[in-house]
Amino acid sequence: MKNYLLQLFKAAESKLTYLTEVELVFTVPSQKGHGDYSTNAAMILAKKLKQKPHEVANEIISNLDYDKTIIEKIEIAGPGFINFYFTPTFNTQIIKTIFNEKQNFGRSTKYSGRKAMVEFVSANPTGPLTVGHGRNAVVGDTVANMLEWIGYTVDREYYFNNAGRQMRMLGDSVRLRYLELTGKKTDFPDDYYQGEYIREIAAKLKENHGDALLDENAEGKFKQAAESEIFADIIGTLERINIRMKNFYNEHILYEEGRIDLLIKEFEKKNLSYEHEGAIWLKLSELGNENDKVIVKSSGEPTYRLPDIAYHITKFERGYDLIIDLFGSDHNATYPDVLAGLRALGYDTDKVRVLIHQFVTIMEKGEVVKMSTRKANYITLDELIDEVGSDVVRYFFNMRSISSHLNFDLDVAKKQSDENPVFYLQYAHARISSILRMTKEEGLDSSLQQLDLLSTPAEQSLLKKLFEFPEDVIYSAENYETHRITIYLEELAAHFHRFYTECRIIGSEKNLAEARTALCMAVQTVLRNGLSILGVNAPEKM
RNA sequence: GUGCCCAUAGCUCAAUCGGAUAGAGCAACAGCCUUCUAAGCUGUAGGUUAGUGGUUCGAUUCCACUUGGGCAUACCA
């Protein structure tokens, strides 16, 4: 529908050159009496042309060469909106499109040939993924899915660092637990990793190596064992919610390849850094940021900024057209430094899109659960999946705008009641499966021969909703907003349930019944496609 | 102190780069199953969009200030 309108306006541009001066936006009006699609173009142009909106609208309409079998009427309404009404016959044609494209309906080639990388999760291997990481993981994977749907080739990447102070403490935490198991008295510091998983890793080491590791230091076998155990755990958790990374990028590679040293020299050569009190500083204040920041400590050790910049350079070198970073809001102060550094080196940072999601607040028994990985006071993502299942987890994290805090009420989630809309969608899908089983038994087929019979308001509004799917996928993907997909699907399901209540198939006249069967199949396809973008299953039965 | 995010119905949240009468779900109330899944449908009620100004044909949206909350503000990552 939207495409047809765009074509109409494009064709009119030769006569009305001012049409090129406005970005055409067609929206589905919230009010029923305002047409199927609406544009405010005349009102925006009125200001530029210094004419009345209604006059401009009239001129535009008289220059639109439209097909009367597609558009029923065009109206000017309110302060100058142009409202379009499509014909019922045209509305039914969407079923044919869906039958042709099936599981690809909603995909587009708009960004075909372009490569994107989505970097997400990127938690260092110091403990199991928590519910907080869950939001990042699910949103990141879903954004990647959406980009694939609009044509991108997408790589999912997990960046991690297995060096540094935190990892040393992790190794030493395991060492101390190991010593405890061998009967040694230890003094386990408060700020070490308190989690039960540390004891489990230590126990495994004890089992495999006996007392042979008594003299090992924290950095060796202990850290190694912790890292590989924890990583295996993280990968397993991600698998459970259908997330598979293309690549795990170890920060250490940047050092091995000499990229860090090279970068330090590069900044120096471009006169972007200076030495002060034994440390090397980046002149970020000259690059538009608040303050200069240290990139190499006086100890000679780089700060995280340097490898972060070097890492992003590899993303540019790997030829991505779109580079997405997904972080929690605790990182909101770090990325401007990285981007400024990259820009100063001549990289086109418009290709980088940093998405910041707000925190997840866990509520249990009406109270906020404060979480800390080190203190082992947290709910793991695994536990959450155990409680509510992968579908609920994926849906829940996808259903909110990332700029909003997510209130995760564990008691509600555990209830698995109809308070969770994922069941509403899955129910619609399962209901259609059931209908199709029944109609088959009745000897009814689906037929595209007499779609004109789909003329009731419930059928027509359901058809119009189907048209919106491809448009909504593009919009959601271009704005990286996973929650819009959930909104669309909830609306589609609501339209379907209404149709189901009002329009019967079995018992209706054969041609009508078969047209309605086709409509059901089309709706089911769209539900399934939408759910697959979210990574949620579409059950045949419930 | 400063920067980013947030504040919308009793609760959890939407509202398409400024659009028409601010919408859903849950909770509440009143109805709908001898026929395709009632995990559903229909209706009622619920709002000074935190507050005060400003910008314009038009503001939940943009700007300023105020209030309240989250996250940052390291030679931690």
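Letters go in sequence order (proteins before strands), and every chain restarts at 1. Just so you know, these numbers use all the heavy atoms, side chains as well, and skip hydrogens, waters and symmetry mates.
- Using a 4.0 Å heavy-atom criterion, one finds that A:Glu468 contacts no nucleic acid atom at all.
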> Between A:Tyr158 and A:Phe231, is a ring-ring contact (aromatic ring centres under 6.0 Å, His included) present by the stated rule, with each step listed?
Replying inline: CA-CA 11 Å; A:Tyr158 184 127; A:Phe231 247 129; 5.7 Å; yes
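- Base engagement by A:His405 is indicated by at least one non-hydrogen atom pair under 4.0 Å involving a base atom.
- If you check every strand for non-hydrogen atoms under 4.0 Å, A:Tyr500 touches a base.
- With hydrogens and angles disregarded, a donor-acceptor distance shorter than 3.5 Å links the side chain of A:Glu514 to the backbone of A:Asp445.
- Stacking is not found between A:His331 and the pyrimidine-like six-membered ring of the B:rA72 base under the 5.5 Å centre-distance and 30° plane-angle cut-offs.
- Counting distance only, with no hydrogens placed and no angle test, the side-chain atoms of A:Asn291 and the base atoms of B:rA74 include no donor-acceptor pair under 3.5 Å.
- Residue side chain A:Ser403 does not reach the base of B:rC6 through any donor-acceptor N/O pair under 3.5 Å, judged by distance alone.
- Distance check on atom P: B:rU42 versus B:rU61 gives 32 Å, rounded to whole Å.
- Among the heavy atoms of the strands lying under 4.0 Å from A:Ser401 are primed sugar atoms or P, OP1, OP2 only; no base atom is included.
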> Which string of ( ) [ ] | and . matches RNA chain B, if you list each base 5' to 3' and count Watson-Crick or G-U pairs only when both distances are under 3.5 Å?
Replying inline: (((((.(..((((.....[...)))).(((((.......))))).....(((((..]....)))))).)))))....
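- Taking the side chain of A:Glu251 as heavy atoms from C-beta on, and the options B:rU37, B:rA77, B:rA20, the nearest nucleotide is B:rA77.
- The two residues A:Thr303 and A:Lys297 come nearest to each other via the heavy atoms CG2-CG, 3.8 Å.
- Ion pairing between A:Lys465 and A:Glu468 holds under the 4.0 Å rule for side-chain N and carboxylate O.
- Note on A:Glu277: a base of the nucleic acid sits closer than 4.0 angstrom, heavy atoms only.
- Put simply, A:Tyr427 does not rest on the base of B:rG40: the two rings are not both less than 5.5 Å apart at their centres and under 30° in tilt.
- Residue A:Thr303 places no side-chain atom within donor-acceptor reach of the base of B:rA77, judged by atom type and a 3.5 Å distance cut-off alone.
- Residue side chain A:Asn332 does not reach the base of B:rC5 through any donor-acceptor N/O pair under 3.5 Å, judged by distance alone.
- A:Asn83 comes within 4.0 angstrom of a base, heavy atoms only.
- Straight-line distance between the C1' atoms of B:rG19 and B:rC62: roughly 14 Å, to the nearest whole Å.
- Contacts of A:Arg504 with the nucleic acid, taken as non-hydrogen atoms under 4.0 Å apart, include base atoms.
- Across all strands, A:Asn124 comes closer than 4.0 Å only to sugar-phosphate atoms, never to a base (heavy-atom distances).
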